[in-house]
Amino acid sequence: MCFDAYDSEGFYDEMFDAAGKPRLRASLLADKISALNDGELSRRQQAAERALLNMGITFNVYGHEAGTEKVWPFDVIPRIIEHAEWQYLERGLKQRIRALNLFIDDLYHDRKIVKDGIVPADLVESGKCYLRPCQGFDPPGGVWCHITGTDLVRDADGQFFVLEDNLRCPSGVSYVIENREVMKRTFPQVFQGLGVVAVEDYPEKLLETLQFVAPKGCDDPTVVVMTPGPYNSAYFEHSFLAQQMGVELVEGRDLVVSDGYVHMRTTHGLKRVDVIYRRIDDDFLDPLAFRPDSTLGVPGLAEVYRNGKVALANAPGTGIADDKAVYAYVPQIIKYYLGEDIILPNVPTFLCSDEKQREHVLANIDKLVVKPTNESGGYGIVLGPKATPEELVAAADRIRENPRNYVAQPMLNLSRVPSLVDDRFEGRHVDLRPYILYGKDIFVLPGGLTRVALKKGSMVVNSSQGGGSKDTWVLGSDVIPTVTNVAGDVVVPPEPPSGPTQRQMQTTS
Amino acid sequence: MLSRVADSVYWMSRYLERAENVARFVDVNYNLSLDLGNRVREQWEPLVYTTGDQEVFLENYGNFSQRNVINFLTFEMKNFNSVLACLSGARENARTVRDIISSAVWEEINKFYLYVKNSAGDKRLLEEPHDFFHQVKRSSHLILGLLDATISRDEAWFFAHVGRLIERADKTSRILDVKYYILLPTVTDVGTPLDSIQWAALLKSAGALEMYRKSRGRITPRDVVDFLLLDREFPRSIRFCLSEAEESLLAILGTSHSHFRNEAERRMGQLSADLDYAQVDDIIKSGLHEYLDGFQDKLNAVGAAISDSFFQTSPAASNGAVLAK
């Protein structure tokens, strides 16, 4: 099966350059795939889908009958990120998260950045995710955004941009780990010799992060994952992460506040909980503090949190930094707190709350992508060039009605990766969501989730709208693996000895 | 029960467990090798050391390549401990005691053997062994379930159970010894997280990663050793295996705890008690390899004593109260 007929059609292709030659080390992969017999790749594809189904790696679809499980479509051709590219992304992401964390902390304390006129006060005040009760709060270690999944895209020139900061409850990391497992099971020989960096230690790092943010004085903190329940679309991920970390998966009703602490109800009585990795939104956490109609939360949780007797990850109030209107200010935010220029650029963004920019958006709405500032999952997005005139009129009306709720960005031509379509290769558009953990240090999981728009020509990668995923391979600096030693240095381990001599095994007399 | 029959049931069970463990080691190692790039020697040679068969290997194979090692450990009949040789042994033993075990157990053992035998010529399998090893583990678990669900808790079952647990304890000690040696933390490293992927792979070799997490949380060499060696509850920890094996062994003659009627019971009780009161920090400080080596020596002695006490029954050797059922 070969790539001869493959055409990148003028888009930036992650595997081939404009002349149709494989990029750097992607050539090894291209060779391996080309060497396969006809039909072989389709068989692998089917085996991978079967494995996903058997492993129960599914998501729930809203709007269908409750309990409908679907396998998220998976494309067996991996997306490759070269070592140097990855180093650049890693640097950029660390810089961004460090600055955003300082920004959140500042907003809930002295608001120097507002006083200094960098970010307008009303932008902050009007943010749906701005939580006034968090004012003056100091989360353990000064960390607000412990777990982030930043969406990146690449344009026609191959330049990476940050598209969105997901600082609330980013999902998808379980697919990164399970996609790798499925690839290893169904397509192992393509790995050999490529030095793909492993992703399997994410649960270890996540647990480390969560334990680090425990309230002071907790020597052996009890960590839990909190889920809205089995009907949530990401329930698989919640149970996966709990299982892989070896911690309890709890629902709100399993928790109770008593004596100033949060406890879980167990067969042996109440057990104190110190750290909650919550996968439910701020609004639902505590009916006494936020939405009174929330049945998912725990009455009194917010107060325990305020008293520093339980840690929540991510910290409530973090969402203000992934408001899409705030997003537009991230380059200034980085400059302000770190004194550095932004490494990974933003997509140019027009704020509809600003009159001049709004006029520009309304005049060019057919060329722009209009996004609500506070939705996720691709909901409410209008792609100007693909929308009908009626949809554009409706979008323009919504902007005029509530300008603060919208931003607009130019339509980017997302990069593509060869994907398997009916036994041949076609380019499909992708994005990339790396996962970043902020505890004692900042850790970026090598690679991340590559989402792919499987419909021909589509640029919408969301799982709710016909998107699938691919395994993402960050190639190591070379094929020699490294380990981190006790001092925290990355070192190449010495060639180890063969091993201690073992006795012969006993056999039948 | 006839000594000869007991002998066969015991070895049937040991060989089945051995086959499963070898499959597990190879499978996990293969998975890990996909992450480690090209350092082939380091990846595959230790596995042959685990089974103690490096001399047989070197007599028959040139180098420790992936293909060679997988073939040697899986299909090589000159290697008495290959998966195929183990199954052949298990099946031979089962065949002589078909009247004792349920026909459901016999049939699965036979199918298991035939499946592995028929896979032996499959060249592709050496490159992509996952599905094969997955099937091996399934078959072993199926037989384990059948033994549990279709055989009365009589002597045959107890001998099978003792055999399985002794074998399992031995295998856990081997993989722990070899992998610990390779990852080689110095005494000052113990208690700190090192390369968690490699340690996680060691736990996976014993099917222990998920249960380890529940009980210990983050991965440290010390806790990994403690879990695989001394955990009270995990069914592949060495201590658990010994304690269960002791119970089954005593049930055969109806001996009560802390008593013994023969050398097998005495040695088993001693070794099991030894583990009950051992402490991981002491063991690491005075050398894990030395400890495990000593353990294997004692476990072999238990095996030899079982053979002497139960299988080689002669007028001279008596179990005191042994009565024919």
Side-chain angles (χ1 to χ4, degrees), chain A residues 47 51 180-181 183-205 207-208 211 220-223 242-248 475-476 478-487 493-509, chain B residues 7 11 14-15 18 30-31 33-39 41-42 45-46 49-54 80-81 89 93 127-128 130-131 170 174 177-178 181-184 188-189 192-198 200 210-219 289 293 296-297 300 303-304 307 311-312:
Chain A
R180 177 62 54 84
E181 176 72 21
M183 279 299 277
K184 282 180 156 186
R185 282 189 189 188
T186 57
F187 212 177
Q189 74 274 48
V190 295
F191 279 88
Q192 249 125 32
L194 278 173
V196 180
V197 181
V199 295
E200 283 86 344
D201 58 345
Y202 181 81
E204 173 84 13
K205 302 278 190 202
L207 185 59
E208 189 182 339
Q211 288 178 345
D220 184 16
T222 299
V223 176
Q243 185 213 27
Q244 293 299 310
M245 290 191 288
V247 306
E248 295 287 348
L475 302 183
D478 50 46
V479 289
I480 297 186
T482 55
V483 298
T484 308
N485 70 10
V486 196
E495 279 275 301
S498 327
T501 309
Q502 301 288 297
R503 292 161 196 284
Q504 289 276 309
M505 290 188 210
Q506 282 186 314
T507 47
T508 328
S509 42
Chain B
D7 194 6
W11 279 105
R14 279 197 72 158
Y15 284 137
R18 190 172 298 178
Y30 179 78
N31 192 294
S33 76
L34 297 177
D35 290 330
L36 292 185
N38 282 334
R39 304 182 107 195
R41 177 182 154 266
E42 144 192 355
E45 187 174 343
Y49 276 76
T50 310
T51 66
D53 294 316
Q54 60 277 8
F80 298 142
N81 299 310
N93 280 293
E127 302 297 329
E128 293 181 32
H130 176 79
D131 286 347
D170 178 66
R174 285 165 185 269
D177 193 12
V178 170
Y181 186 82
I182 292 167
L183 298 173
L184 210 66
T188 49
D189 293 341
T192 56
L194 288 169
D195 192 11
S196 69
I197 290 177
Q198 298 245 21
E210 289 170 5
M211 293 301 126
Y212 172 90
R213 289 275 192 210
K214 282 169 81 79
S215 126
R216 312 293 162 111
R218 282 167 61 194
I219 293 178
H289 172 67
D293 194 50
Q296 286 169 15
D297 192 31
N300 281 349
S307 175
F311 309 152
Q312 316 292 332

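Chain letters run A, B, ... following the sequence lines, proteins first and then strands; every chain starts at 1.
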**Q** Can you tell which part of A:Val247 gets under 4.5 Å to a heavy atom of chain B, answering side chain, backbone, both or neither?
**A**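 Contact with chain B involves no heavy atom of A:Val247 at all.
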**Q** Looking at residues at least two apart in the chain, or sitting in another chain, which of them share a side chain to side chain donor-acceptor pair (under 3.5 Å) with B:Arg174?
**A**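 Residues passing side chain to side chain donor-acceptor pair (under 3.5 Å) with B:Arg174: B:Asp170.
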**Q** With chain B, which of A:Ala242, A:Ala198, A:Ala47 has the greatest number of heavy-atom pairs at distances under 4.5 Å?
**A**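 The candidate making the most pairs under 4.5 Å is A:Ala198.
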**Q** Using 0.5 Å steps for rounding, measure from the CZ atom of A:Phe191 to the CG atom of B:Asn31.
**A**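 It comes to 8.5 Å.
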**Q** Look at B:Glu128, B:Gln296, B:Gln54, B:Glu127 and state which one has the largest set of heavy-atom pairs under 4.5 Å with chain A.
**A**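 With the most close heavy-atom pairs to chain A, the winner is B:Glu128.
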**Q** Would you check, one step at a time, whether the test side chain to side chain contact (heavy atoms under 4.5 Å, CB included) holds for A:Gln244 with B:Arg213?
**A** CA-CA 7 Å; A:Gln244 293 299 310; B:Arg213 289 275 192 210; 5.7 Å; no
**Q** If you round to the nearest 0.5 Å, how far is CD of A:Glu181 from NE2 of B:His130?
**A**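 The NE2 atom of B:His130 sits 6.5 Å away from the CD atom of A:Glu181.
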**Q** Between A:Val196, A:Leu207, A:Val197, which shows the greatest number of heavy-atom pairs under 4.5 Å with chain B?
**A**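 Going by pairs under 4.5 Å, I would pick A:Leu207.
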**Q** Would you please name every residue forming a side chain to side chain donor-acceptor pair (under 3.5 Å) with B:Thr51, sequence neighbours left out?
**A**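 So B:Thr51 forms a side chain to side chain donor-acceptor pair (under 3.5 Å) with B:Asp53.
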**Q** Measure the spacing between OG1 of B:Thr50 and CE of A:Met505 and express it to the nearest 0.5 Å.
**A**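 Answer for the OG1-CE pair, B:Thr50 versus A:Met505, is 8.0 Å.
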**Q** Side chain, backbone, both or neither: which part of B:Tyr30 has an atom under 4.5 Å from a heavy atom of chain A?
**A**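 Looking at B:Tyr30, just its side chain touches chain A.
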**Q** With a 4.5 angstrom heavy-atom cut-off, which part of A:Glu248 approaches chain B: side chain, backbone, both or neither?
**A**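 Nothing of A:Glu248, per the 4.5 Å heavy-atom cut-off to chain B.
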**Q** For B:Arg216, is it the side chain, the backbone, both, or neither that has a heavy atom closer than 4.5 Å to a heavy atom of chain A?
**A**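 Interface part for B:Arg216: neither.
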**Q** Could you tell me which portion of B:Asn81 (side chain, backbone, both or neither) has an atom closer than 4.5 angstrom to a non-hydrogen atom of chain A?
**A**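 Answer is side chain: those atoms of B:Asn81 sit under 4.5 Å from chain A.
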